[in-house]
2 protein chains.
Amino acid sequence: MIKPDIVFVAKLAGVSPATVSRVMNHPDLVHPATRKKVELAVEKSGYIRNRAAQAMHGRRSATIGLVVPTVANTIFAEVVQAFNDTVSAQGFTLLLASHGYDLDSEYRLVRKLLEHRVDALAVVGLDHSAGTFRLIAEQRVPLLALWNYLADSALPCVGVDNREAGRLAAEHLVALGHRRIGMVFPATFDNDRARDRKTAATAVFRAAGIELQERWQVEVPYSIAQAKAACLDLLAGEDRPSALLCANDVIAQGAIYAAARLGIAVPASLSVIGIGDFAGSAQMEPALTTVRIPAQQVGIAAGQAIVTAIGRPDADFMIRSRVELELIMRASTGIAAEMIRP
Amino acid sequence: MIKPDIVFVAKLAGVSPATVSRVMNHPDLVHPATRKKVELAVEKSGYIRNRAAQAMHGRRSATIGLVVPTVANTIFAEVVQAFNDTVSAQGFTLLLASHGYDLDSEYRLVRKLLEHRVDALAVVGLDHSAGTFRLIAEQRVPLLALWNYLADSALPCVGVDNREAGRLAAEHLVALGHRRIGMVFPATFDNDRARDRKTAATAVFRAAGIELQERWQVEVPYSIAQAKAACLDLLAGEDRPSALLCANDVIAQGAIYAAARLGIAVPASLSVIGIGDFAGSAQMEPALTTVRIPAQQVGIAAGQAIVTAIGRPDADFMIRSRVELELIMRASTGIAAEMIRP
DNA sequence: AACAGTCTTGCAAATGTTTTCATAAACTCT
DNA sequence: AGAGTTTATGAAAACATTTGCAAGACTGTT
């Protein structure tokens, strides 16, 4: 009752191990009749081929490593899912790692993934430690940046232009006549997505001659609870902004709940815009105006890109694929009150 | 500039490959001075050990397979995250697979994970195809059921008692005097969690002499959008239930949004209860009454259990760990209107 | 200084596959 | 029917590591 290996199956089928191997990997090279025999033997013995041994031989490990900040946050769950579905359909298995927005621990995770000889690596964002990059370069593993797009990125990337996302959101608020604007963002230190959105939005406001009040800028992590708490503070007094630009929809949802709790009418007295268009944003009341990031599309496109890259180990792997953003106007933003009165 | 292997490092350090191997796996067996030499050589050459070769030798692959229905849904994202963090801290890497509530495709996924010689497998729920069980048994891989608890389960399990969850939710509604009750559940065919919750809730209602109206029972997948749409229908007319028991918080959120859209006051005219206590449930307005499933605790406990199981390959692996549920009363449920009038 | 015991290390076999090369068998033409 | 070509299969080397065994190098004790 020992676990059957390839030679056991070979004996059972009355062929050589080589033939069994071929049946598994290049079925067209073996005679249909022998193939049948082997398949029967595989079936009968309950043989499960050993990818480790296969990988050891220098062949594909049939795994792809994916490193995300976290999967607990709606932000990435959807993209992870789409990415996984895509590569899985091509026979790859996903090795998942998450670092909680800590680029140091990312290094260790990448190392671990490389130990498993992943055929390729996908990471979120373009910012990574020098050590991480060196490691990956040394191992000559295709690397793809997910989620971000940058026309002149050093890395292959599939994603959206976060500066454009910030710009679209900001322009929408400006177009509605808002000038008293608050921004709710996470720390931008280890997070290039948030940083890009914020600087682009700020630039738009500057250009429109809007002065951002320090007291209306707050920093919270991507958490509904903390976003709501922070916004309760921010919106408490009389002196509050007329519009809130939120780093993503999770924060925006928190902001809207805070307004609801305080009895502030959205959008009549306060406009709220998010970025992302996560599950639920369209359904909440009032429905959230946001900049849609098609997470699914990103995941699928990234999955395809990376599988292609694995298929051509010789060629340098470079692709820059931009997924389009779209401003989705819903019910959480409206014309600034100041614009209506006169 | 070839990728360094263990013999390269050995040469560089002036020792045998065996010694290098020992430095990596049993550092206490080698003299501190030699260890230093080897570590230096590893550092210098950029050597990354090959887990595949290691796994091939019959040793640990240092991977754990996790199969979930989906990761895109808040439901599992949190538990995946906690599980991953836990096993990752013990040096394991997660192989993730998702089957979208299709137990047939689960079989294929499990097979794929076994090909990678995962050291253990965790799956969500206790219901799985016979083929899946056979496969895993043949490979003698420790198997853990996640999310569910059953006192007499055939599998080791770490999770909650879903019947209790359904019972708690139903009893809460009964205690508030509701008798006109709707239930919003997904299809329970391939989903033992939903099934257990539903049958337990139904039993409670029966026992209380409550007759469930067929027209108030609806079936929707775990999606805010579809839950909201279905509830808009359900709640449209005059003849509507006074309380809604939802299979989980995602559905409950959809129900609350539907009520908001229709101008139905929650909880004054409609009570809504969910199960799960997902991120955001506490913050939404009105805050959702729900049965808390401590996903994080489940993930951590499961991670620990499975690592322990891997540590003792000889002993039969059996653990049944029940994580406690808790009814969290918030603002979305209230006393039935009928109870107040007289 | 000899002895027993304990550490440290290297040798070589073993792990499960893939693949190159060679050979044998089966066709296809003429 | 024979030569040439294609197809199908097997033998064996290679992949990168771990580990049982055995031998050599220390340690402390008498």
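Note on naming: letters A, B, ... go to the chains in the order of the sequence lines (proteins, then strands), and numbering restarts at 1 for each one.
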Other residues, nucleotides and ligands only: do more than 12 of their heavy atoms fall within 6.0 Å of CG on A:D316? no

Take atom CD of B:E115 as the centre, draw a 6.0 Å sphere, and report whether it contains more than 12 heavy atoms from other residues, nucleotides or ligands. yes

At under 4.0 Å between heavy atoms, what does [X] touch on the DNA or RNA strands: base, sugar-phosphate, or nothing?
X: B:V20; result: nothing
X: A:T19; result: sugar-phosphate
X: B:R22; result: base

Nucleotide of [options] approaching [X] most closely (side-chain heavy atoms):
X: B:A53; options: D:dT17, D:dT18, C:dT9; result: D:dT17
X: B:T34; options: C:dG16, D:dT17, C:dT9; result: C:dT9
X: B:D5; options: C:dT17, D:dT18, D:dA16; result: D:dA16
X: B:H57; options: D:dC15, D:dT17, D:dT9; result: D:dT17
X: B:H26; options: D:dT19, D:dA16, C:dT15; result: D:dT19
X: B:A18; options: D:dA16, C:dT8, C:dC11; result: C:dC11
X: B:S16; options: C:dT17, C:dC11, D:dA8; result: C:dC11

Between [X] ([atom1]) and [N] ([atom2]), how many Å, whole number?
X: B:R60; N: D:dA16; atom1: CZ; atom2: C1'; answer: 19 Å
X: A:L29; N: C:dT19; atom1: CG; atom2: C1'; answer: 11 Å
X: B:M56; N: C:dT18; atom1: CE; atom2: C1'; answer: 12 Å
X: B:I48; N: D:dT17; atom1: CD1; atom2: P; answer: 11 Å
X: A:H31; N: D:dT6; atom1: NE2; atom2: P; answer: 19 Å
X: A:D28; N: D:dT7; atom1: CG; atom2: C1'; answer: 12 Å
X: A:K3; N: C:dT17; atom1: NZ; atom2: P; answer: 11 Å
X: B:F8; N: D:dT17; atom1: CZ; atom2: C1'; answer: 17 Å

Has B:Q54 got a side-chain N or O lying under 4.0 Å from the OP1 or OP2 atom of D:dT17? no

Think A:N25 has a side-chain N or O under 4.0 angstrom from the OP1 or OP2 of C:dT18? yes

Over 60° means perpendicular and under 30° means parallel, so classify the ring planes of A:F133 and A:H128, tilted if in between. perpendicular

Between B:N50 and A:P32, whichever has its closest DNA chain D nucleotide further toward 5' is A:P32

Taking the side chain from A:H26 and the backbone from A:D28, do they hold a donor-acceptor pair closer than 3.5 Å? no

Measuring only between side-chain heavy atoms, which start at C-beta, is B:I306 closer than 4.5 Å to B:F92? no

Roughly how far, to the nearest 0.5 Å, is the CG atom of B:L66 from the CZ atom of B:F76? 10.0 Å

I'd like to know if A:R51 reaches the base of C:dG16 with its side chain such that a donor and an acceptor end up less than 3.5 angstrom apart. no

